[in-house]
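Below: the structure, in structure tokens.
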Amino acid sequence: MNKNYEVAVFQGDGIGPEIMAPTLDILRRLSEENPGYSLTFKDAPAGAAHYAATGESFPAESLETARAADAILLSAMGLPDVRYEDGTEISPQIDLRKQLGLFAGVRPVKVSNGQTTPLALPNGKEIDFVLIRESTEGLFFTQGAGEVTQDEARETLLITRDVSEKLFRFAFDLARNRRASGRGTGRVTCVDKANVFRAFAFFRSLFNAEAARHPDLKADHAYVDATALWMVQKPWEFDVLVTENMFGDILSDLGAGLMGGLGLAPSADIGLDHAVFQPCHGSAPDIAGQGIANPFAMILSAAMMLEWLGITHDHAALSNDGQRLREAVEKVTANGSNLTRDLGGTAGTADAANSVMKALRA
Ligand code: ATP
């Protein structure tokens, strides 16, 4: 039976629309060839260029389009020269996280055989883990509203039972799904600083309570400083890492570094009812309009979207296509002959995206 899924599309700023266009072409092609599902796309105007043109950064109608959709695809957003009058940047993606309760920031870190990485990987070792960053509270709780006086400044770190319980449940479910698809050992590591802060001891106790509900999975803990060290020394040992907002912010850039840069780093922000899929990188205004942006992080984010839709709707046709799409990008990066400049090649956006299309057919 064919089921249709509606996808809200935020085209983004700078290179955003340039990497979104080939990604939608690939998704259209995949769904046209698969009798099991179809996709329809609805544009949701928002962002810095939209603000410059209309005085509005995130129209209510676009939020409604996002809320009504089955999934949300969002390209890089924001422009350094276009800001609100108070000097802050335009970032509808952060509004979306808050409005739609997207508590789990999912950052896969994957380096397959043949892919370039700054690490010298021991023979046969591949990196394949997922970092889950809590995305609505933690040390970002007072974001933009910290107290600053002449002599001191304060920000608040907030850990709540409600969000942490949802976060940890999500982490264990993800570990189970990864193990079922042969990608992990079924292990969740809580990354914290429970030896110094009471808030993290609380975080850890909630993690332990959730772990007790999953005796079929492994659970352990690591301090955030040691995790940074191990991400460089033995990253192949991780499966699912779950952590607070600020720690996750920092470790996810380290993860992108392991993958050879932001051009290959996809992400998802997931809540109970909604999910946004977007590349980790920004809108790269320095190369916008030249047709040289790397589309892979955007395409990998679209692959994550298909996998997530497949899991949440128990619809294998979508999960299979998501996996095929991810593997097609991995083939192209391992082959190395059609890479964009940020990855050391000379290909433009269209050529790089076409080689993914070809790999899908092979
Ligand atoms: P933000 O704060 O919005 O995340 P940023 O200041 O970290 O943005 P990016 O826009 O991500 O910066 O760009 C950082 C550098 O990486 C720039 O030189 C940019 O050209 C390059 N870059 C980012 N994304 C891509 C991409 N998809 N393809 C090629 N180069 C990219």
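Fair warning: this is a prediction, and the values are worked out from it, not measured in the lab. Remember, it's 1-based here, ligands and their atoms both numbered in the order they're listed.
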(Q) Are there over 12 heavy-atom neighbours, none belonging to Asp216, within less than 6.0 Å of that residue's CG? (A) yes

Within the 4.0 Å heavy-atom cut-off around ligand 1, the contacting residues, ordered by chain and number, are Ile15, His281, Gly282, Ser283, Ala284, Asp286, Ile287, Ala293, Asn294, Asp342

- Query: Can Lys3 be said to sit on top of Tyr5's aromatic six-ring, NZ or CZ under 6.0 Å from centre and within 45° of the ring axis?
  - Reply: yes

Listing, residues 7-15 side-chain donor-acceptor contacts under 3.5 Å, not counting sequence neighbours, or none:
| residue | atom | partner | partner atom | Å |
| --- | --- | --- | --- | --- |
| Gln11 | NE2 | Asp43 | OD1 | 3.2 |
| Asp13 | OD1 | Ala48 | N | 3.4 |
| Asp13 | OD1 | Ala49 | N | 2.9 |
| Asp13 | OD2 | Ala48 | N | 2.9 |
| Asp13 | OD2 | Gly78 | N | 2.7 |

Kindly list each side-chain donor-acceptor pair under 3.5 angstrom involving residues 195-204, sequence neighbours excluded, with atom names and distances?
| residue | atom | partner | partner atom | Å |
| --- | --- | --- | --- | --- |
| Arg204 | NE | Asp192 | OD2 | 2.9 |
| Arg204 | NH2 | Asp192 | OD1 | 3.0 |

Give a yes or no on whether Met20 and Ile90 share a hydrophobic cluster (residues Ile, Leu, Val, Met, Phe, Trp, Tyr; joining criterion: side-chain heavy atoms under 4.5 Å apart). no

Residue set satisfying side chain to side chain contact (heavy atoms under 4.5 Å, CB included) with Ala268, at least two apart, ordered chain then number -> Val106, Ile270, Phe277, Met304

